[in-house]
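Notes follow once the structure below has been shown.
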Amino acid sequence: MATKRTTTKPPPPAPAPVEPPSCQPCGGTGNVAITVRVGRKRRPVGQQDGLCLNCLGEGTAPTA
């Protein structure tokens with residue numbers, strides 16, 4: 001008759017958490033530069049920060 005084991009195996013180490021890749025258009029900041037246009041001819045006068053529509057301001061690349 002075989003003897004019973006009294007010791008248990010230690011659990012395997014947990015895998016390191018994987019950091020999601022940063023968003024390409026905004027570079028991980030969540031903001032992108034948007035051109036401000038004014039006047040009847042819609043001439044550009046400057047830029048302002050806008051929400052990144054790819055990641056919705058989160059800064060990480062969308063999945064799927």
Distance-minimising heavy-atom pair for C26 and G59: SG-CA, 4.5 Å
Flag yes if more than 12 heavy atoms outside Q47 fall under 6.0 Å of its CD atom; otherwise flag no. yes
Smallest heavy-atom separation, R37 atom then R42 atom, equals NH1-O, 3.3 Å
Would you call N54 and P62 a side-chain contact if the rule is heavy atoms closer than 4.5 Å? yes
Which heavy atom in L51 sits nearest to a heavy atom in V32, and how many Å separate them? O-CG2, 4.0 Å
Kindly compute the distance separating SG (C23) from CG (N31), expressed to the nearest 0.5 Å. 11.0 Å
